[in-house]
Amino acid sequence: PEPRPRSVSAALRDAEVVDALAAAHTALSASPTMLGDGAGTGIGSNSWVIAPERSATGTALLANDPHLEPSQPSLWYQVALRCEPVGSNCPYQVVGYSFAGVPGIVIGHNARVAWGFTNLGADVADLVIERIDGDRYLTEQGWEPLEVREETIRVAGNADVTFEVRETRHGPLFSDVSGAADQVAEGSLGDGTGDQDGVEHAVALRWVALDPVATMDAVPAFMRAEDWSGFREAARLFEVPSQNLVYADLDGNIGYQAPGRIPVRRSGDGTLPLPGWTGEFGWDRFLELEELPWTLNPDAGYLATANQPVLPPGGEPYLATDVNLGYRGARIAELIEAGGALTLNDLQRIQLDNHNGNADTLVPVLTAVSDRGDPAVQAVQELLGAWSRQDGAESAGAAAFNATWRHLLVLMFHDVLPDWAWPEGSGRWWRIVGELVDDPDSAWWEAPGEPAISGRDEVLHAAMARAHAELVDTLSDDPSEWRWGELHTLTLTHGTFGSSGIGPVERLFNRGPLETSGGSDVLNATGWVASRGYEVTWVPSMRMVVDLGDLDAGRWIHLTGQSGRPFHRHYTDQAELWRDGRTIPLTFSLEATEAVAVERLTLTPR
């Protein structure tokens, strides 16, 4: 399902709402990685499973490519684990991707079952406004004492840092570490009363990940699963973060399960901060696994998850409001249904699809606008008219379209929105602008900073003219020589030394820039933020395809390489393969693995 976005015009022109949203945004942006969002709204993933009746091999197939903020060294580590011998005392024979420090395979397959993840996007964090009086806080039963404790962070080479944590029944006081959260507590998103008789307001963070959970116990349970029932029992343990789990097995079954510690709210949906002292709001319990969405062997013969809504609008149970609008999910379904009997090569082609769904809406309108004799606009329209609507690195049409899109967003929104709300340019804004295209007389077709530009066609004409000027200045005065990849580059930046500000150090630890294909809300999801430029800000962090009928036929790749040592030959030896859409063998049997091995390291206990 693709829910229509809420009307934006009234809300965005309401100063009080804008101020309140700005305060909430500032407060939450202080901890993006803590909440699991390191690169904005474009974060997502693709995964799908194919039933035997749709595969060329007559067996189940699985594909997965999680989209994350690029990291160097890679977030992932490719691992195969095999007990010798495999038996009841040591049952593990499994291959896939792990994280540093995680004792097992997070995504991969064993001898019978394969699985993949995408982000469910469930709303599992609420901001709760509390009334505080000294060392106590107000509840519906009266005043209760704050829980106060000291925590110490040990710092290598420096003195320990000790700080105080104050906590209510709803969680730690977020406003104690974020000045911007005070605006949320005292403003229109709170009760608006301010201080009364010495009573202050504070904001607590209620978040499922602040409670002890058993998620890591799910990892060995997935590794041991032999069938759908065992897989679901493993999913029961996977509490945080909530994911879409896709499943395929040796017997040809395919399935989907949404796991997670998802709250049942007493009232409201957690979208805005709510008062904590009335007892009207809060979490009563968490959903049981049996209450969460799941399916096994659907009639369609496939399951695809790409962060789209799992349930139709208004469906129960409530999972989230702020989700992806479904462009990638719809494209996966389109390609699967048009693909006939699918092979692993077909699955890889789907992963690398560069089709820009935004262009389907805008290109016909852009090319129909009168060029008014402007050769710059004529050049852009000629490229767009001949363009395949694929964001390939070598494509001049992709460069012209994406530059036009960026300048269109600047003209329409930058002068009427605060900078924190400037469009990042992915699917939500595709939908907003796409609906405005059908309303050429809308007040949004104004460029407040450019009084001479007014009306839809004027704004579109100006966006194309400015895109042409930028591309001539940065690429070439010959439009046929423009290339999207020359704008859309990825620099692999080392997590510690890559942003040191010391040029020679950065050159030692960083790699790139790499010219890439793809874009935001494209299946080949090399996302970019339109308000910042064209540089890649999130990526398919790995790609994997598996045939359950031939476990030695799989293919995989991840972003950089296996080594975290900058001078090691495996530091970035997968990066160019990843950029070019190539993969390496994902073998399973010992014989097949030995056949492709180039080195062996044996660790012998003393």
* Answer yes if the side chains of T57 and T59 hold a donor-acceptor pair under 3.5 Å, and no otherwise. => yes
* Student check: side-chain heavy atoms of T305 and S47 closer than 4.5 Å -> yes
* Partner set under ring-ring contact (aromatic ring centres under 6.0 Å, His included) for F238, not counting sequence neighbours -> F117
* Sub-3.5 Å donor-acceptor pair from the side chain of Q308 to the main-chain atoms of A304, do we have one? -> yes
* Structure fact -> For E53, the side-chain hydrogen bond (donor to acceptor under 3.5 Å, both in side chains) test, sequence neighbours excluded, returns none
* Are F497 and H494 close enough that their ring centers fall under 6.0 Å? -> yes
* Under the criterion ring pair (Phe, Tyr, Trp, His ring centres under 6.0 Å), which of W482, F401, W484 is the partner of W387? -> F401
* **Chi angles and distances behind the side-chain contact (heavy atoms from CB on, under 4.5 Å) call for L471, L487** => CA-CA 9 Å; L471 297 179; L487 295 171; 3.5 Å; yes
* Looking only at heavy atoms, which two atoms of L62 and G116 are closest? And how far apart? -> CD1-N, 4.0 Å
* Which residues satisfy the side-chain contact (heavy atoms from CB on, under 4.5 Å) test with V86, sequence neighbours excluded? -> R82, C83, Q93
* To do: Tell me yes or no: between the side chains of T593 and T587, is some donor less than 3.5 Å from an acceptor?
  => yes
* To do: Would you please say whether a donor-acceptor pair under 3.5 Å links the side chains of H488 and E515?
  => no
* To do: For N297 and G252, work out which heavy atoms get closest and say how close.
  => OD1-O, 4.2 Å
* Heavy-atom side-chain contact between W115 and L245 under 4.5 Å -> no
* Non-hydrogen atoms of G260 and S242 that approach each other most closely -> CA-OG, 3.6 Å
* Applying ring-ring contact (aromatic ring centres under 6.0 Å, His included), run through Y256 and W294 and close with a yes or a no. => CA-CA 5 Å; Y256 166 86; W294 68 275; 9.8 Å; no
* Side-chain heavy-atom pair W528, W538 within 4.5 angstrom cut-off -> no
* Asked: Taking it one step at a time, do E290 and R236 satisfy salt bridge (charged side-chain N to carboxylate O under 4.0 Å, His left out)?
  -> CA-CA 9 Å; E290 289 74 18; R236 189 183 303 277; 2.7 Å; yes
* Distance-only polar pair, side chains of T118 and N244, donor-acceptor under 3.5 Å -> yes
* Side-chain donor-acceptor pair under 3.5 Å between E69 and T537, yes or no? -> no
* Asked: Taking the side chain from T215 and the backbone from V240, do they hold a donor-acceptor pair closer than 3.5 Å?
  -> yes
* Y97 vs W556, ring-ring contact (aromatic ring centres under 6.0 Å, His included): CA-CA, chis, key distance, verdict -> CA-CA 10 Å; Y97 290 94; W556 62 349; 5.1 Å; yes
* Would you say the side-chain atoms of D573 and Y571 include a donor-acceptor pair closer than 3.5 Å? -> no
* Step by step, work out the side-chain contact (heavy atoms from CB on, under 4.5 Å) result for N64 and Q351. => CA-CA 8 Å; N64 195 192; Q351 288 179 329; 5.6 Å; no
* Asked: Is the Y302-W48 ring centre distance short of 6.0 angstrom?
  -> no
* Just checking, is any N or O donor in the side chain of H558 or S74 under 3.5 Å from an acceptor N or O on the other one? -> yes
* When you check the side-chain N and O atoms of R543 and N524, is any donor under 3.5 Å from an acceptor? -> yes
* Asked: Would F99 and Y77 count as a close aromatic pair, with their ring centres under 6.0 Å?
  -> no
* **Side-chain donor-acceptor contact under 3.5 Å, S45 with N119** => no
* To do: Answer whether the closest heavy-atom distance between the side chains of L551 and S589 falls below 4.5 Å.
  => no
* To do: Classify the side-chain pair N402/D391 by whether it contains a donor and acceptor separated by less than 3.5 Å.
  => yes
* Under 3.5 Å: donor-acceptor pair, side chain of N354, backbone of G518 -> yes
* For the residue pair E424 and S426, confirm or rule out a side-chain donor-acceptor distance under 3.5 Å. => yes
* To do: May I have the step-by-step check of side-chain hydrogen bond (donor to acceptor under 3.5 Å, both in side chains) for Q348 and T583, ending in yes or no?
  => CA-CA 9 Å; Q348 288 185 280; T583 52; 3.0 Å; yes
* Asked: Does any donor atom in the side chain of Q574 or Q78 lie under 3.5 Å from an acceptor atom in the other side chain?
  -> yes
* Using 4.0 Å as the upper bound for N to carboxylate O, is an ion pair formed by R261 and D211? -> yes
* Note, L347 side chain near L342 side chain (heavy atom, < 4.5 Å) -> yes
* Asked: Is any side-chain heavy atom of V323 closer than 4.5 Å to a side-chain heavy atom of N307?
  -> no
* To do: Keeping the roles fixed (side chain from T560, backbone from T572), state whether a donor-acceptor pair exists under 3.5 Å.
  => no
* Return yes if a side-chain donor-acceptor contact under 3.5 Å exists between D478 and S480, otherwise no. => yes
* **Check ion pair R112-D227 (N to O, under 4.0 angstrom)** => no
* **Heavy-atom side-chain proximity of R582 to I557 below 4.5 angstrom** => no
* Test item: V363 and N358 side chains (from C-beta on) under 4.5 Å apart, heavy atoms -> no
* To do: Compute whether any side-chain donor of one residue and acceptor of the other, for R232 and Q257, lie under 3.5 angstrom apart.
  => yes
